[in-house]
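Have a look at the structure below, then the notes.
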There are 2 protein chains.
Amino acid sequence: MNAAPQIALLLLVALGSSQGLQHRYVDRVEDLDPDQDQDAEAQPLQAGPSPFGSLWPLPQKVQISAVAFKLNGDSFQMSDGKGSSAGPGCSLLQDAYRRYYEYMFGGAESQRTGPGGRTGPAVLTGLQVWITSPDSDCDGHPGVTSDESYELMVDQPYAVLKAPKVWGALHGLETFSQLLYEDEYGVKSINSTTISDFPRFAHRGVMLDSARHFLPIKVILANLETMAMNKFNVFHWHITDDQSFPYLSRTFPELSQQGAYHPYTHVYTPTDVKMVIEFGRLRGIRVIPEFDTPGHTQSWGKGQTDLLTPCYSGADPSGSFGPVNPILNTTYDFMSRFFKEISSVFPDAYVHLGGDEVDFRCWKSNPDIQKFMDQQGFGKDYSKLESFYIQKLLNIVATTQKGYIIWQEVFDNGVKLHPDAVVHVWIGGGASGEMAKVTAAGFTTVLSAPWYLDYISYAQDWQNYYKVEPLGFNGTDEQKKLVIGGEACLWGEYVDATNLTPRLWPRASAVAERLWSAANVRDINDAYNRLSAHRCRMVERGIPAQPLFSSYCPHEYKGL
Amino acid sequence: MNAAPQIALLLLVALGSSQGLQHRYVDRVEDLDPDQDQDAEAQPLQAGPSPFGSLWPLPQKVQISAVAFKLNGDSFQMSDGKGSSAGPGCSLLQDAYRRYYEYMFGGAESQRTGPGGRTGPAVLTGLQVWITSPDSDCDGHPGVTSDESYELMVDQPYAVLKAPKVWGALHGLETFSQLLYEDEYGVKSINSTTISDFPRFAHRGVMLDSARHFLPIKVILANLETMAMNKFNVFHWHITDDQSFPYLSRTFPELSQQGAYHPYTHVYTPTDVKMVIEFGRLRGIRVIPEFDTPGHTQSWGKGQTDLLTPCYSGADPSGSFGPVNPILNTTYDFMSRFFKEISSVFPDAYVHLGGDEVDFRCWKSNPDIQKFMDQQGFGKDYSKLESFYIQKLLNIVATTQKGYIIWQEVFDNGVKLHPDAVVHVWIGGGASGEMAKVTAAGFTTVLSAPWYLDYISYAQDWQNYYKVEPLGFNGTDEQKKLVIGGEACLWGEYVDATNLTPRLWPRASAVAERLWSAANVRDINDAYNRLSAHRCRMVERGIPAQPLFSSYCPHEYKGL
């Protein structure tokens, strides 16, 4: 563990239990668009151990005492509590026990625990995990309404983790593993601790883009693993785009056969997709696929004749194609069959339908489109044609019993949305106003505008992500309740397997804490200290999370 | 090989041999400070194969014909020419044959060569390597005056590589390996080709910083390997700084014992240093260590009492320390012994002495320093004190028979330099003026100001590095001859083992071509195409070189 000996020595700050985090309250609440021009390097940060050790994201209520127990990796037991609704048959928990045992006691460090640890006489013998609700959700899928809360009591002779559902138990296991440290003799130790925890926002996502560059399954799984370490619970998979169509569709195999960068080495087979979904489920992570239309679809056209609009140069087709052709019945037949497949392949209750950045130039050039516009009385307003398409698509998807998420333009263009539609706000500069408008219209919303992690700059940009306040817009309490969370988006133009992981972590960790922890957890110094330790922990777990600033980890990354 | 079949099909541009690259001449020569604010993304690039395939950096003269030969990995021979001055006893070349054989025929791809290749009847049976000078330099070390030129003739029945010294042969082997591609049936192929090549600049460096973050040896060696793929020939090792002192000195072991991040896991032992030097030598790369003084030395003070200046708060020492204490004889005794060790450990004829960014505040606070200033008649001009120190240091280093490189401030402050001193220009904004001044004063210079690769920004910043013209300052021909090259600098505040390699490559490759190829090689479209292929080749060789833009490699990076 990277929490390192010095944290043990300095973790002697006992907090009043009922006060929780009150002493850390910061009354200045930043807008959701912090000044991106500020020089993050100029922020004076005081490096050193945090009273909260390496906890990340910070739980809602934490009480850490000075009393330490030692742990014996050979005999330490993680077991189901007697009254737990999840028994040994719950493989989700068994899998998590193994994973966290490895994190806590695996690796070279565990060899350093010799006979006769010297932390003191008290030993923590194990961790009991109680699922308190009659239905543990062990075999279910996480969803936006899933209960993710948990309570953790670390005291002799064993620690107790209570959670209504397995999802909270997973988070509690992560938190428990973050409390472990090695004392100065290498003895695994943990302090007497009481934690009561739940997420501030239900939707805490990371968006990856597997179309601008193909992301090998190994990379996706490693990032799901890291998401769990940061209590993210949504993997928004922007799976296709203009550049490539790597999703192997059973119904329309030509889409990837023709539209992927390579039909065999650069595709996600049905088995791959299943693996991603199950790997996520075992970590409490929803997998929400995005199939973005009617724009961003050049790759779709390679394997599906007549799907895209033929562009014209004067009176003749130019040979190039524009967005999905919204005036043909075949388009909607295709979409019906395609999204029927998607709705059965992806278990999540939501699918992301995109709808952003539709370029009207090709539609304008096409005489058939123009005729259709006239017939429909759209005049020259092509956003009405876009709305016409989206409206029909939404109706198709509604028949699959799925809810949908759409990028903000769909709302902006006045498309009639189902009441349960989720509007994804991404356009920077005016995000506060957009959040106010979307919620005033009664729609649920997810924020990404300040968290476009593909934009990079020198120095500590994580601080800008951290300072965002998602509810920092003008609106009523009712409006604010409609903000279900946010997503860190890493668009793929400049990232692939070579650099995605260090570029994402720990920058996305800043978003993770903003979405999980209490609104008043804003102390940038304390965050720096905890995040530095958290990033070294990710490195020790094999994730190449990049450094925040000049520093070292006890165990540096072993790869390249 | 990533050069991919389509390159074979399109490599049908035969160039007149004597014309060389004339048809690619671009008469607009950029200044050495291109506009850093320009939106690199806005540059319209046409993706596609280059007539020069994946050659990087582009050789001085290339003639590629449409005639292709196939190669049989099982029987292909790399051997010493009969008249070569380097025989089988030259392990540098034997080592290189193995390395390039692996690159060319190793890996899964070689399995794709079945019986009966179909490129045509002509076969290239091998590559003969002739070292034409009586002394091959096989057991020597590369230096700033080393001959790196080579000639490569690919024709039946075997290719011939001629070079006066082994250094040119190493570059020629890299070039030969870059000419290989697989035809559409996976047959390793190469076109009949004539190349005559030599570097434009003698000093082509990469600077890495192992003090802000410790860089595991594995990372340093991987980057030396990648430097060779880009024909870089200087590893400038900024080995110590304020943050840590990882160099294990035999003479003063306390320096790393106290000053490293960790005295065992975060140090470079004498064996490590030897390994780096030999690994570099085998690739034609000089290792120039930098021991930066009198500033940037906080870590030195931990293991060497009285080396640093005690700072005062009013009349009393504050407990903190400033730059090296220039007024004590013990300082110079220490430096004499220390640089005596350095001069014997590092074989290169030059050592980098730093001398940048000296903070005068501590000196100003110290009454002993003030008294010394009065005695010396320096008044309040602390740059005179800095010069006093540097002058003495330079004299010490001169006794070790080493030349030295110093950062530009040492020149700017008027320190008397030996005629063979090299001035390293790094301060951005006025680099043209500085280059003119330094060379007008008759000093050799190395340019880094436009190539600080630790500064990152969105999109294709490699184009800015590429557009630099190192001789784009006002000066006579004599002055321009004093520019021996440049270095890409990757300072370590924000990079460690997790992210250094993808952040450095292929951005440093842009600098590599600028320093190797002819001044008129400036076609950004052609560079984009060759560099895209070159970066995929680096990925196939196991180096996580990041993408230039949306794209794919036939074999994506296998790591994280």
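Atoms considered below: every heavy atom in the structure, side chains included; atoms not considered: hydrogens, waters and symmetry mates. In this text, all values refer to a predicted model and were calculated from it rather than measured experimentally. Chain naming here is simple, since letters A, B, ... match the order of the sequence lines and numbering starts at 1 in each.
Between the A:Asp496 side chain and the A:His213 main chain, no donor and acceptor come within less than 3.5 Å of each other.
With a threshold of 4.5 angstrom between heavy atoms, A:Pro216 approaches chain B through side-chain atoms but not through N, CA, C or O. Residue contact with chain B, scored on non-hydrogen atoms closer than 4.5 Å, involves the side chain of A:Thr501 exclusively. For B:Asp454, the parts lying near chain A are the backbone and the side chain together; criterion is any non-hydrogen pair under 4.5 Å. In this structure, the portion of A:Gln243 lying under 4.5 Å from any heavy atom of chain B is its side chain and not its backbone. For A:Ala211, no part sits under 4.5 Å from any heavy atom of chain B, backbone or side chain. Contacts of A:Asp241 with chain B are absent, with no heavy-atom separation under 4.5 Å from either backbone or side chain. Contacts of A:Leu548 with chain B are made by backbone atoms alone, with heavy-atom separations under 4.5 Å and no side-chain atom involved.
Counting all heavy atoms, side chain and backbone alike, B:Ser448 lies closest to B:Cys489 at OG-SG, 3.4 Å.
Using modelled atom types and a 3.5 Å distance limit, the side chains of A:Ser54 and A:Arg537 yield a donor-acceptor pair. Between A:Trp462 and A:Gln460, the side chains place a donor N or O and an acceptor N or O closer than 3.5 Å (distance only, hydrogens not considered). Inspection of the B:Trp237 and B:Ser210 side chains reveals an N or O donor paired with an N or O acceptor under 3.5 Å.
Heavy-atom pairs under 4.5 Å with chain B were tallied for A:Cys553, A:Pro502, A:Ser550; the largest tally goes to A:Ser550. When each of A:Phe214, A:Tyr261, A:Tyr557 is checked for heavy-atom pairs under 4.5 Å with chain B, A:Tyr261 comes out on top. Of the listed residues (B:Pro547, B:Pro544, B:Ala545, B:Ser457), the one with the most heavy-atom contacts under 4.5 Å to chain A is B:Pro547. Heavy-atom pairs under 4.5 Å with chain B peak, among A:Ala497, A:Gly559, A:Gly542, A:Ser551, at A:Ser551.
Here the straight-line distance linking atom OH of A:Tyr494 with atom CG of A:Asn499 works out to 12.0 Å at 0.5 Å rounding. Remark: B:Asn464 CG to B:Arg507 CZ distance equals 10.0 Å, nearest 0.5 Å. The OH atom of B:Tyr466 sits 11.5 Å away from the OG atom of B:Ser509 when rounded to the nearest 0.5 Å. In this structure, CH2 in B:Trp300 is found 5.0 Å from CZ in B:Phe245, a value given to the nearest 0.5 Å.
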Between B:Gln546 and B:Arg535, does the side chain to side chain donor-acceptor pair (under 3.5 Å) criterion hold? Intermediate values first, please. CA-CA 7 Å; B:Gln546 70 182 14; B:Arg535 104 83 193 180; over 6 Å; no
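With B:Phe279 as the aromatic partner, B:Arg283 meets the cation-pi criteria of under 6.0 angstrom to the ring centre and within 45 degrees of the ring axis.
Chain B is approached within less than 4.5 Å, heavy atom to heavy atom, by A:Lys218, A:Val219, A:Ala222 from residues 218-230 of chain A, ordered by number.
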